[in-house]
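Working notes, structure below.
Please read all numbers here as calculations on a predicted model, not as lab measurements. Values below: every heavy atom of this structure, side chains too, minus hydrogens, waters and symmetry copies.
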Amino acid sequence: MSPRLLRLAVIGSLAGAFSGLFGVGGGTVIVPLLILWFGFGEREATGTSLAAIVLIAGLAAGVHGLYGNVHVDKGLIVAIPALAGVLAGTALQQRTPERAVSGAFAVLLTVSAAVLIF
């Protein structure tokens, strides 16, 4: 296996584990590692992460459903307005410099970590 494929496998494994454990994986694992290890731009890393998350999230939701951890009605209540957020967020990302998007993402992760710890 080539080093490049091995790194992609590591990214996928971490994203899957984080998705199953915490409900996150794309933004917190795939995006930063695609940027750091492969030199992807923020937009390219985000789009690639979202493509991967379609499969990861589907499987994770299915497995959690087997354990009785999924409330489909509540999920739909969250998902429906999130569709508008996806359109708005993508449009905003396309108009914002990549460095600013990366900085905002770093701040969001840092604040999220601080809130979870304290």
Side-chain angles (χ1 to χ4, degrees):
M1 181 180 280
S2 75
R4 183 175 179 86
L5 286 177
L6 182 60
R7 287 188 291 177
L8 287 171
V10 168
I11 291 171
S13 297
L14 289 172
F18 274 57
S19 291
L21 282 168
F22 307 117
V24 299
T28 57
V29 175
I30 297 174
V31 171
L33 291 178
L34 286 176
I35 291 169
L36 294 172
W37 285 359
F38 291 93
F40 278 30
E42 181 72 33
R43 292 181 184 101
E44 189 179 26
T46 300
T48 302
S49 171
L50 290 169
I53 286 300
V54 169
L55 296 173
I56 296 168
L59 181 60
V63 173
H64 271 281
L66 293 174
Y67 286 101
N69 298 330
V70 177
H71 297 275
V72 175
D73 55 337
K74 303 287 192 294
L76 289 173
I77 291 170
V78 172
I80 291 170
L83 296 175
V86 165
L87 296 173
T90 301
L92 180 62
Q93 187 199 45
Q94 298 305 304
R95 291 169 176 77
T96 305
E98 285 192 38
R99 185 126 172 105
V101 174
S102 293
F105 183 59
V107 169
L108 174 67
L109 289 179
T110 302
V111 170
S112 296
V115 168
L116 289 171
I117 291 170
F118 303 107

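Looking at Leu14 and Ile30, their side chains never come closer than 4.5 Å, going by heavy atoms from C-beta outward.
Linking Ile, Leu, Val, Met, Phe, Trp and Tyr residues whenever their side-chain heavy atoms come within less than 4.5 Å leaves Val31 and Phe18 in two separate clusters. A continuous path of ILVMFWY side-chain contacts below 4.5 Å connects Leu33 to Ile53, so both sit in one hydrophobic cluster. In the hydrophobic cluster analysis, where Ile, Leu, Val, Met, Phe, Trp and Tyr join through side-chain heavy atoms closer than 4.5 angstrom, Leu34 is grouped together with Val24. If you chain together hydrophobic residues whose side chains sit under 4.5 Å apart, Ile11 and Leu21 fall into the same group.
Nearest heavy-atom pair across Ala15 and Val29 is N-CG1, 3.8 Å. Of all heavy-atom pairs spanning Phe40 and Thr48, the tightest one is CE2-OG1, 3.7 Å. Among all heavy-atom pairs drawn from Gly27 and Pro32, the shortest one is O-CD, 3.2 Å. In terms of heavy-atom proximity, Phe38 sits nearest to Arg7 at CZ-CB, 3.9 Å. Ile56 approaches Gly16 most closely through the heavy-atom pair CG2-CA, 4.2 Å. Shortest non-hydrogen contact noted between Ala61 and Val70 is O-CG2, 3.4 Å.
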Verdict with supporting geometry, Trp37 and Val10, side-chain contact (heavy atoms from CB on, under 4.5 Å): CA-CA 11 Å; Trp37 285 359; Val10 168; 3.8 Å; yes
Stepwise side-chain contact (heavy atoms from CB on, under 4.5 Å) test for Leu50 and Val54: CA-CA 6 Å; Leu50 290 169; Val54 169; over 6 Å; no
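Rounding to the nearest 0.5 angstrom, the gap separating the OG atom in Ser19 from the CG atom in Leu59 is 9.5 Å. To the nearest 0.5 Å, atoms OG (Ser49) and CD (Glu44) are separated by 12.5 Å.
Dense packing is recorded around NE2 of His64, with more than 12 heavy atoms of other residues, nucleotides or ligands lying under 6.0 Å away.
Side chain of Glu42 to main chain of Glu98: no donor-acceptor pair is present (N/O by atom type, distance under 3.5 Å, no hydrogens or angles). In this structure, Ser112 contributes its side chain and Leu108 its backbone to a donor-acceptor pair below 3.5 Å.
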